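Everything on this sheet refers to the single structure shown next.
In what follows, every chain begins at residue 1, and chains take the letters A, B, ... in the order their sequences are listed. As the structure is a computational prediction, the values presented were derived from the model and not from experiment. Worth knowing before you read on, the calculation uses all heavy atoms, side chains too, and leaves out hydrogens, waters and symmetry mates.
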There are 2 protein chains.
Amino acid sequence: MTEPTHFTISELAKEFEVTSRTIRFYEEKGLLSPTRNGQHRIYDKADRVRLELILRGKRAGLSLDESREIIDMYAPGSSNERQYRFLLDKVNNKQAQLERQIEDIQQLIVGLEEVRDRCETALKSNKGSSEKYPMPLAYRRIQH
Amino acid sequence: MTEPTHFTISELAKEFEVTSRTIRFYEEKGLLSPTRNGQHRIYDKADRVRLELILRGKRAGLSLDESREIIDMYAPGSSNERQYRFLLDKVNNKQAQLERQIEDIQQLIVGLEEVRDRCETALKSNKGSSEKYPMPLAYRRIQH
DNA sequence: GTTAACGTTGACGTTAACGTAAACTATAGC
DNA sequence: GCTATAGTTTACGTTAACGTCAACGTTAAC
C-alpha cells in the first residue's frame, strides 16, 4: 500500500477537518492552485503541504495574508542578489515578529500558572471558601 | 512626580497606540467597564491592566472572546470547591492550547530558518543566480 | 460669547474568513 | 434510464473587530 500522490478536495477536507468550501476559498485567495481534471480539482503533494501550512498558520493565530507571506518565502521566485537580500530581510522580520508573539503567549501562560497555583493551594487547604485571592502579578512586568 | 492613578480614554489610546473607538468597542463587548465622571469615562489602574491584557492577547493572535476567557480566569468570581475545580480545568485546557500554539509558531520559525540559511549560502557563493533552491523540509514532520 | 479641544452616543460602512443555498454537471451503480 | 454521489460555479448571508462620520455636550482659552 503505497502513499497516495494525488487527492480530491473532499479527501483533503476530511483529512484536515475543514470543509471543501474552505479549501476553495483558499484557492480564491491565491493560496492554492491545484490542477484540473476537466472541471474537477486535483491536489498533489505540494498542494497538500501548502494547505497544511495554511492551517498551521491559522492555529498559530495568523491571518491568511500573513500565512501567504510566509509560504511565499518558503517558495522563492527569482534569485539574484538583490532578491536574496530582500527575502532575507523579510525572513528576519517575520521571525522576529513570530518570536515576539511567542513571548506574548508565554506571558499569558505565566498568568495562568499563577491562577492554577492559587487554585491548587485553595483546594489543598480543603476549604475553598475563605481564601484570599489577589489579582495575578504576571502582567506587572510589561514593556513592549 | 508620582505615578498617575487614573486615565482618560485618549491617554490610554495614546499610550497603547489604539484609537478611542477601539477602547469603547472593548467596553461594548464587556471587556472593560470604567467608571464615569458625569458622562466621561475614567479608567483606573485595573482597567489599564485589563486593556494591556486584551492587547497582549491580540498580539498573541487570540480573538477578543478568547482574551476575555483568559482575563476572566485571572479575576475569579465565587470560590467554593466546585468552582475551583472547574476553573482549574479551564486553566489547564487553555494552557495546553496556548502551548500547542507556540509549537505551531516554532515550526513556522524553523521553516524560515531554513530559508535564511539557503539565502545566506547563496549570497556567500557570491553569485546568487545559479543556485539550487529546493523546497524547505521543515514541514515534513507534522502530526497534530 | 464663541471657538477649540476633548468626549459622548448612535449608526452605518468595511474587511476577513468562511457558511449556506441554488442550480448545474459528470460519473457510477442498479 | 434513473438515482445517488461528488464536484462545480454563483451569489448572498454572517460574524468579528473595528473605521468613519454625524450630531451633540462640556469645559478652557481668548
Side-chain angles (χ1 to χ4, degrees), chain A residues 4-44 47-48 50-72 94 97 101 104 108, chain B residues 4 6-44 47-48 50-72 97 101 104 108:
Chain A
T5 163
H6 295 94
F7 315 88
T8 72
I9 195 168
S10 53
E11 283 168 356
L12 289 185
K14 191 167 199 176
E15 179 177 358
F16 294 110
E17 299 179 68
V18 297
T19 67
S20 300
R21 173 70 177 95
T22 297
I23 298 180
R24 280 187 218 106
F25 176 75
Y26 294 155
E27 183 176 350
E28 269 183 57
K29 292 289 154 177
L31 289 161
L32 294 174
S33 37
T35 58
R36 298 284 179 126
N37 179 7
Q39 127 166 302
H40 288 47
R41 291 168 174 83
I42 298 178
Y43 300 84
D44 60 17
D47 293 321
R48 211 186 84 135
R50 288 178 73 87
L51 177 56
E52 218 159 351
L53 288 172
I54 296 167
L55 297 176
R56 176 179 297 162
K58 191 180 173 182
R59 287 192 307 266
L62 304 186
S63 70
L64 285 187
D65 279 349
E66 289 174 314
S67 291
R68 193 214 324 265
E69 270 190 75
I70 292 184
I71 295 176
D72 287 350
K94 220 16 146 184
Q97 178 204 314
Q101 193 181 339
D104 282 317
L108 291 175
Chain B
H6 295 94
F7 316 87
T8 72
I9 195 168
S10 53
E11 283 168 356
L12 289 185
K14 189 167 199 177
E15 178 177 0
F16 294 109
E17 298 179 68
V18 296
T19 68
S20 300
R21 174 68 177 94
T22 297
I23 298 180
R24 278 187 220 107
F25 177 74
Y26 293 155
E27 183 177 349
E28 268 183 56
K29 291 288 154 176
L31 289 161
L32 294 174
S33 38
T35 58
R36 300 283 180 127
N37 179 6
Q39 127 168 302
H40 289 46
R41 291 167 173 83
I42 298 178
Y43 300 84
D44 60 18
D47 293 321
R48 212 187 82 136
R50 289 178 73 87
L51 178 55
E52 217 159 352
L53 288 173
I54 296 167
L55 297 176
R56 177 179 295 163
K58 191 179 174 182
R59 286 191 308 265
L62 304 186
S63 70
L64 285 186
D65 279 349
E66 289 174 314
S67 290
R68 193 213 325 263
E69 270 190 75
I70 292 184
I71 295 177
D72 287 350
Q97 177 204 314
Q101 194 182 338
D104 282 316
L108 291 174

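- Among residues two or more places apart in sequence or in another chain, the side chain to side chain donor-acceptor pair (under 3.5 Å) test is passed with D44(B) by none.
- Partners of D65(A) according to the side chain to side chain donor-acceptor pair (under 3.5 Å) rule, which considers only residues two or more places apart in sequence or in another chain, are R68(A).
- By the side chain to side chain donor-acceptor pair (under 3.5 Å) test, S10(B) pairs with T8(B), sequence neighbours left out.
- Atom pair N37(B):CG and dG25(D):P shows a separation of 18 Å (rounding to whole Å applied).
- Residue S20(B) is classed as having no contact, given no heavy-atom separation below 4.0 Å to the nucleic acid.
- Between the OH atom of Y43(A) and the P atom of dA6(D) there is a distance of 16 Å, rounded to whole Å.
- Rounding to the nearest 0.5 Å places NE2 of H6(B) at 11.5 Å from CG of L12(B).
- In this entry the distance linking CZ of F7(B) with P of dC6(C) reads 18 Å, nearest Å.
- When heavy atoms are screened at a 4.0 angstrom cut-off, R41(B) is found touching the sugar-phosphate backbone but no base atom.
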Report, one pair per line, the protein and nucleotides 17-19 of chain C atoms (nitrogen or oxygen only) whose separation is under 3.5 Å.
unit_1: dA17(C); atom_1: OP1; unit_2: L64(A); atom_2: N; d: 2.7
unit_1: dC18(C); atom_1: OP1; unit_2: K58(A); atom_2: NZ; d: 2.9
unit_1: dC18(C); atom_1: OP2; unit_2: Y26(A); atom_2: OH; d: 2.8
unit_1: dG19(C); atom_1: OP2; unit_2: T19(A); atom_2: OG1; d: 2.8
unit_1: dG19(C); atom_1: OP2; unit_2: T22(A); atom_2: OG1; d: 3.1
unit_1: dG19(C); atom_1: N7; unit_2: R21(A); atom_2: NE; d: 3.3
unit_1: dG19(C); atom_1: O6; unit_2: R21(A); atom_2: NH2; d: 3.1

Under a 3.5 Å cutoff on both atom distances, Watson-Crick or G-U, what's the dot-bracket for DNA chain D ([ ] crossing, | other strand)? ||||||||||||||||||||||||||||||
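- Atom pair F16(B):CZ and dC18(D):P shows a separation of 15 Å (rounding to whole Å applied).
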What N/O pairs connect the protein and nucleotides 23-28 of chain C at under 3.5 Å? Give each pair on its own line.
none

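- When the P atom of dC12(D) is taken as reference, atom CD of E28(A) falls 14 Å away, rounded to whole Å.
- Taking atom CD on E27(A) and atom P on dT9(D), their separation rounds to 7 Å, with Å as the unit.
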Name the atoms and distances for all side-chain donor-acceptor pairs under 3.5 Å in residues 27-37 of chain B, with sequence neighbours left out.
unit_1: E27(B); atom_1: OE1; unit_2: R41(B); atom_2: NE; d: 2.6
unit_1: T35(B); atom_1: OG1; unit_2: I42(B); atom_2: O; d: 3.4
unit_1: R36(B); atom_1: NH1; unit_2: Q39(B); atom_2: O; d: 3.1

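- At a threshold of 4.5 Å between non-hydrogen side-chain atoms, the residues L55(A) and L51(A) count as touching.
- Every residue was checked against the salt bridge (charged side-chain N to carboxylate O under 4.0 Å, His left out) condition with K58(A), not counting sequence neighbours, and none meets it.
- Considering only residues two or more places apart in sequence or on other chains, L62(B) meets the side-chain contact (heavy atoms from CB on, under 4.5 Å) condition with L108(A), A60(B), E66(B), S67(B), I70(B), L98(B), Q101(B).
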Atom pairs and distances, side-chain donor-acceptor, residues 14-24 of chain B, under 3.5 Å, sequence neighbours left out:
unit_1: E15(B); atom_1: OE1; unit_2: R48(B); atom_2: NH1; d: 3.1
unit_1: E15(B); atom_1: OE2; unit_2: R48(B); atom_2: NH1; d: 2.6
unit_1: T19(B); atom_1: OG1; unit_2: R21(B); atom_2: N; d: 3.4
unit_1: T19(B); atom_1: OG1; unit_2: T22(B); atom_2: N; d: 3.1
unit_1: T19(B); atom_1: OG1; unit_2: T22(B); atom_2: OG1; d: 3.0

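- Protein atom CD of E66(A) is 14 Å distant from nucleotide atom C1' of dT15(C), rounded to whole Å.
- Computed from coordinates, the I23(B) CD1 to dC18(D) P distance equals 11 Å when rounded to whole Å.
- Partners of E11(B) by side chain to side chain donor-acceptor pair (under 3.5 Å), not counting sequence neighbours: none found.
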